[in-house]
Amino acid sequence: MHVGEVKDEKLISGILKLKAERKAVILAHNYQIGEVQDIADFVGDSLGLSQQAAGTDAEVIVFCGVHFMAETAKILSPDKTVLMPDLNAGCAMANMITPRQLKEMKKKHPEAVVVCYVNCTAETKAGSDYCCTSANAVKVVKSIPQDKEILFIPDKYLGDYASKQANRKLILWEGYCPTHRRILAEDVLRMKAQYPKAEVLVHPECTPDVIAMADKVLSTSGICNRATESDSEEFIIGTEIGILHRLERENPQKKFYPASILSDCPNMKLNNLEKILWSLEDMIYPVEVPPDIARQAKKCIDRMLEIV
Ligand code: 13P
Ligand code: SF4
């Protein structure tokens, strides 16, 4: 046994002991590093994580993802303590629209319905009518009456995808995910030439030219489910590379090739076992949302949960 393995075992037993004492649950996003995914009670996409947060009877949620996800958990479970092991884990896209910019946009389009991708701050959600995730953006857009104008924020690529799928014109905001934008159409072309039998699964945060080359466009959990259900033995994966851990663990007989190894989200990689242990030891770092913002934001999240 290596020194590192002994250290990990000690950390893991410390985490499990404290988790039981605190009546805590550990939720992790599909992009978290392997050791974090492996110790989590639930690993999933934004939709699955918010449903878990809403339904858990644990007293403490240790949220291993990025800030907007932990905020969503707090909004849905205001009486629970929601902890982020590292408060620096933000989402670059979520910060691409400010509440002031949203207000200005609404002034320009006073009749429009605002659909916000869950990757935005609680304050932005509070100014929106409907929330959506990558798993249900098309469904949410389709559910809005045809005669309504729709502002879709902040992801212009998810918005473009939803617009094409729902056959609906949307007013888009100039936001995007820098990690997914690193996946280039030429990367996918090269990988397809190298692995012609591979199924191409991509996330809707990818650019339209990458999406156009995909066999399926899915949320992160959608990609995991498809990989398991599909008869294909090889897959080209167009999303953040942390997902490969879950894909390989759940499908050891299949092969997964990242469309680009550059699609690495640094904030998703900030959590580790040490920080989870410290989080449970010292109950750090609690995520708070001011009650009036939480109340408003919850309305748009609840509308989404009703639709799905
Ligand atoms: P999912 O909801 O599909 O997991 O996506 C979240 C995300 O941040 C993708 O970059
Ligand atoms: Fe945000 Fe992109 Fe990271 Fe997802 S991968 S958390 S959208 S920066």
Side-chain angles (χ1 to χ4, degrees), residues 27-33 36-37 40 42-54 63-73 76 84 86-97 115-121 124-125 131-140 152-162 173-183 201-207 210-211 214 216-227 237-247 258-271 301 304-305 308:
L27 303 184
H29 187 264
N30 290 318
Y31 296 160
Q32 292 290 295
I33 62 170
V36 171
Q37 292 195 29
F42 177 81
V43 182
D45 61 6
S46 308
L47 178 64
L49 290 166
S50 57
Q51 287 167 328
Q52 288 290 321
F63 208 109
C64 302
V66 288
H67 193 262
F68 77 82
M69 297 179 178
E71 246 184 6
T72 306
L76 292 171
M84 280 185 77
D86 190 324
L87 260 191
N88 292 315
C91 164
M93 186 204 295
N95 298 324
M96 286 185 186
I97 187 161
V115 178
C116 68
Y117 184 28
V118 69
N119 297 39
C120 66
T121 64
T124 299
K125 288 186 182 77
C131 188
C132 72
T133 72
S134 61
N136 56 39
V138 175
K139 213 171 177 180
V140 170
F152 191 97
I153 57 166
D155 187 359
K156 63 177 173 179
Y157 296 136
L158 177 65
D160 177 71
Y161 174 70
W173 183 254
E174 263 302 311
Y176 62 92
C177 165
T179 297
H180 284 80
R181 207 157 82 171
R182 286 184 170 177
I183 303 170
L201 307 180
V202 314
H203 194 275
E205 285 175 18
C206 288
T207 57
V210 168
I211 288 180
K216 299 237 177 279
V217 182
L218 297 160
S219 78
T220 56
S221 287
I223 290 175
C224 293
N225 296 339
R226 173 65 195 166
I237 303 296
T239 191
E240 208 276 341
I241 51 176
I243 198 171
L244 293 172
H245 176 78
R246 178 170 165 194
L247 287 169
S260 165
I261 52 160
L262 298 180
S263 58
D264 186 4
C265 175
N267 288 347
M268 279 283 184
K269 301 293 166 328
L270 288 174
N271 294 320
I301 300 170
M304 166 186 80
L305 294 175
V308 302

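Numbering of ligands and ligand atoms starts at 1, following listing order.
Residues satisfying the side-chain contact (heavy atoms from CB on, under 4.5 Å) criterion with Q51, sequence neighbours excluded, are L47, L305, V308. Every side-chain contact (heavy atoms from CB on, under 4.5 Å) that A73 has, sequence neighbours left out, goes to A53, F63, V82.
A salt bridge links K269 to E240: at least one charged side-chain nitrogen sits closer than 4.0 Å to a carboxylate oxygen.
At a threshold of 4.5 Å between non-hydrogen side-chain atoms, the residues Y117 and P154 count as touching. I153 has its side chain within reach of T124: a pair of non-hydrogen atoms, C-beta onward, lies under 4.5 Å apart.
Nearest heavy-atom pair across M96 and W173 is O-NE1, 3.0 Å.
Near ligand 1, residues H29, Y31, D45, S46, Y117, N119, S134, H180, H203, E205, S219, T220 each place a heavy atom inside the 4.0 Å sphere around the ligand atoms.
Protein N/O/S atoms closer than 2.8 Å to atom 2 (Fe) of ligand 2, listed by chain and residue number, are C177 SG.
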- N119 and M69: side-chain contact (heavy atoms from CB on, under 4.5 Å), yes or no, with the steps? CA-CA 8 Å; N119 297 39; M69 297 179 178; 5.7 Å; no
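Counting non-hydrogen atoms of neighbouring residues, nucleotides and ligands closer than 6.0 angstrom, the CG atom of L262 exceeds 12 such neighbours.
Side-chain atoms of Q37 do not come within 3.5 Å of backbone N or O of H245 as any donor-acceptor pair.
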